[in-house]
Amino acid sequence: MFALVDCNNFYASCERVFHPRLNHKPIIVLSNNDGCVIARSNEAKALGIKMGEPAFKIKQFLKDNNVAVFSSNYALYGDMSRRVMNILWKLSQEMEIYSIDEAFLDLSGFNDRQLFEFGQTIRNTIKQHTGIPVSVGVASTKTLSKVANHIAKKHKRDIGVFLMNENKTIERVLKHFPVEDIWGIGRQYANFLKSHNIHTALELKNTSENWVRKHLTVMGTRIIKELDGTSCIPMESVTPSKKAICTSRSFGVMVEDIAQLRESISMYATRCAEKLRKQKSCAGIINVFIQTNRFKPELPQYNNGKIIKLQVPSDSTSELIYHSVRGLEAIYKPGYNYKKAGVIVTNIVPSSQVQQSLFDKMDRATDQQITKTIDVINSRMGRDVIRYAVQGFNRKWKLRQEQLSPCYTTRWNDLLTINTG
DNA sequence: TCTGGGGTCCTAGGACCC
DNA sequence: TCTGGGGTCCTAGGACCC
């Protein structure tokens, strides 16, 4: 048996933990640059606010309805996520962290009553220790546990746990479960299936395997088997290392000048190098890209990228910056308003298995020592306290975050003060 | 004024090998 | 009429996830 534990409206719930006054009030969280709605409390959903809606289009509506609006605070959400996952670690032998707010647990060996009670224990413990509400779905495959979680969240809101283990229950639930809500069925497949008169999970489950294989590839076959109770998607208890790492941002203002692009690209290269070192990997290919604003078709448009192959795979900040900036200079064209830029690293290999080059001229030992020293200082003193000058100091292009909440759990200066008097 | 930022997997087709 | 039979690797594009 699998349990899927999913935090309810995670980002909105994180903000609410530190603003108890907002209990039962509508809350939304915006994407970077305060662009789109990416999280909504139940009250905000009830007002009809859509996921992904551009904030500027509903500004007046938000005001009229007293909606609390937050910029996204990933330091806070990341730390709250870590706390939730740590609690789950203590409760379960085997788990898979599936996303920032979701985890699968392996519940082999529990009987029905224990399964349900364990679900409640999880929910109560997390609520008590972190303030975050979660829903728990329990079933015999991952796909069915996702379905069960939906039911727990939507129809069993006060209990928050749904155990789906009897064939009769499964059949009844799948009969009313829209095909587009199944894990692995996105918009394209949903439209396609509906055009073939398949509207519910039960109808999909009863479709011929050959037909599904032909039109939805092997992924679809797995889905119908999982809906039928045959587990095809195993637990991944060990998080596999990333095969691609991307750091990119839209700018708070339009950027025309190459000097500012250079600053931003250098920062993204720095972040990519940090992410590589964190998972003990080196990258063989760097991809630098710049884009103008696609929402302004009246302005001249220019999108381009440059792929750089490294002679020796690297996790060095200085080397990644060097090549990224050269790449930028190769594609930059003056006279455009740039809106977004980024760095992607791929061809990732474990640091212990880097293929050396006979013609490599770089002094890697020294560079590694420098990088290590910078990492140690920055981890104690704060990100970018020591940085390469090319990263810049003004950051005119930085994100717009007008409603940013404090980093309550990760920054000493932002700790809450509680008046007990 | 204003529209996010990360990832994965699968398949077909083209290139190559013997 | 009639032109083999078996592979691998790489990439772009399309689907999906949070």
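What's counted below: heavy atoms across the whole structure, side chains too, no hydrogens, waters or symmetry copies. Below, chain A is the first sequence line, B the second, and so on; all start at residue 1. In this text, all values refer to a predicted model and were calculated from it rather than measured experimentally.
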So, for A/Tyr98 and A/Phe104, is the gap between ring centers shorter than 6.0 Å?
-> yes
For [X] and [Y], which I'm curious about, is there any donor-acceptor pair between the side chains at under 3.5 Å?
X: A/Glu15; Y: A/Tyr408; value: no
X: A/Ser250; Y: A/Asn33; value: no
X: A/Asp367; Y: A/Ser316; value: yes
X: A/Glu209; Y: A/Thr221; value: no

[X] near the nucleic acid: base, sugar-phosphate alone, or nothing, with a heavy-atom cut-off under 4.0 Å?
X: A/Ser72; value: nothing
X: A/Arg213; value: sugar-phosphate
X: A/Asp101; value: sugar-phosphate
X: A/Lys214; value: nothing
X: A/Lys242; value: sugar-phosphate
X: A/Leu30; value: nothing
X: A/Leu216; value: nothing
X: A/Ile182; value: sugar-phosphate
X: A/Glu53; value: nothing

Answer yes or no: is there a side-chain heavy-atom contact under 4.5 Å between A/Asn206 and A/Leu202?
-> yes
Whole-Å gap separating [atom2] ([N]) and [atom1] ([X]):
X: A/His215; N: B/dC10; atom1: NE2; atom2: C1'; value: 16 Å
X: A/Asn73; N: B/dG5; atom1: CG; atom2: P; value: 16 Å
X: A/Phe61; N: B/dC2; atom1: CZ; atom2: P; value: 23 Å
X: A/Lys243; N: C/dC17; atom1: NZ; atom2: P; value: 18 Å
X: A/Tyr11; N: B/dG4; atom1: OH; atom2: P; value: 15 Å
X: A/Gln188; N: C/dG13; atom1: CD; atom2: C1'; value: 13 Å
X: A/Asn191; N: C/dA15; atom1: CG; atom2: C1'; value: 13 Å
X: A/Glu298; N: B/dT1; atom1: CD; atom2: P; value: 11 Å

Look at the rings of A/Tyr332 and A/Tyr338 and say which category their plane angle falls in: under 30° parallel, 30 to 60° tilted, over 60° perpendicular.
->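 The arrangement is tilted - the two ring planes meet at 30° to 60°.
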Using the C1' atoms only, state how far B/dG4 lies from C/dC17, rounded to an integer number of Å.
-> 15 Å
Contacts of A/Ser241 and A/Thr217 projected onto DNA chain B by closest heavy atom; the upstream (5') one is A/Ser241
Closest-nucleotide ordering on DNA chain B, the 5'-leading residue of A/Arg249 and A/Gly252 | A/Gly252
Shortest non-hydrogen separation from A/Lys242 to A/Gln279 and the atoms involved |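 The pair with the smallest heavy-atom distance is N-OE1, 2.7 Å.
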Nearest of B/dG5, C/dC18, B/dC2 to any side-chain atom of A/Ser250?
->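 Given the options B/dG5, C/dC18, B/dC2, the side chain of A/Ser250 is closest to B/dG5.
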Consider the side chain of A/Cys36, meaning its heavy atoms from C-beta on, and name the nucleotide among B/dT3, C/dC18, B/dG5 that approaches it most closely.
-> B/dT3
Using Watson-Crick or G-U wobble pairs with both distances under 3.5 Å, give me DNA chain C in dot-bracket, 5' to 3', with [ ] for crossers and | for pairs to another strand.
-> ....||||||||||||||
